[in-house]
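Worksheet: the structure to be examined is printed underneath.
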Amino acid sequence: MDKRSLAHLARRFREAEARTEILRQELASAIREADADGVPQKDVCEVTGYTRQQIRRIVKASEDGDG
């Protein structure tokens, strides 16, 4: 692995991290919207693969003004 190849791979990784963060925020927003629309938490868990605790944290963060 030469320096140029390593730099290319590192750049691709950083770009993927940025895309992942955007998608994470979009998913959190969709989870909050589903909660507001009355979608059962068990359904949100089933679809997202998140635990009930993770869903509660995401919804609570919105209520607390954290995101």
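As the structure is a computational prediction, the values presented were derived from the model and not from experiment. The figures here come from the full heavy-atom set of this structure, side chains too, leaving out hydrogens, waters and symmetry mates.
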What distance separates Arg57 CZ from Ile31 CD1, expressed to the nearest 0.5 Å? 13.0 Å
Pairs meeting criterion salt bridge (Lys or Arg N to Asp or Glu O under 4.0 Å) with involvement of residues 10-25, two or more places apart: Arg14-Glu17, Glu21-Arg24
Using links of under 4.5 Å between side-chain heavy atoms of ILVMFWY residues, direct or through other members, which residues join Leu9 in one cluster? none
In the hydrophobic cluster built from side-chain contacts under 4.5 Å, what are the other members alongside Met1? Leu6
I'd like to check the side-chain hydrogen bond (donor to acceptor under 3.5 Å, both in side chains) partners of Gln53; sequence neighbours left out, ordered by chain and number. Arg56
Donor-acceptor list for residues 36-48 side chains, cut-off 3.5 Å, not counting sequence neighbours:
| from | atom 1 | to | atom 2 | distance (Å) |
| --- | --- | --- | --- | --- |
| Gln41 | OE1 | Arg52 | NH1 | 3.2 |
| Thr48 | OG1 | Val44 | O | 2.8 |
| Thr48 | OG1 | Tyr50 | N | 3.1 |

Nearest-0.5 Å distance, CD of residue Gln25 to CG of residue Leu23: 9.5 Å
Starting at NE2 of His8, measure out to CG of Asp2 and round the result to the nearest 0.5 Å. 11.0 Å
Thr20: partners by side chain to side chain contact (heavy atoms under 4.5 Å, CB included), with sequence neighbours left out: none
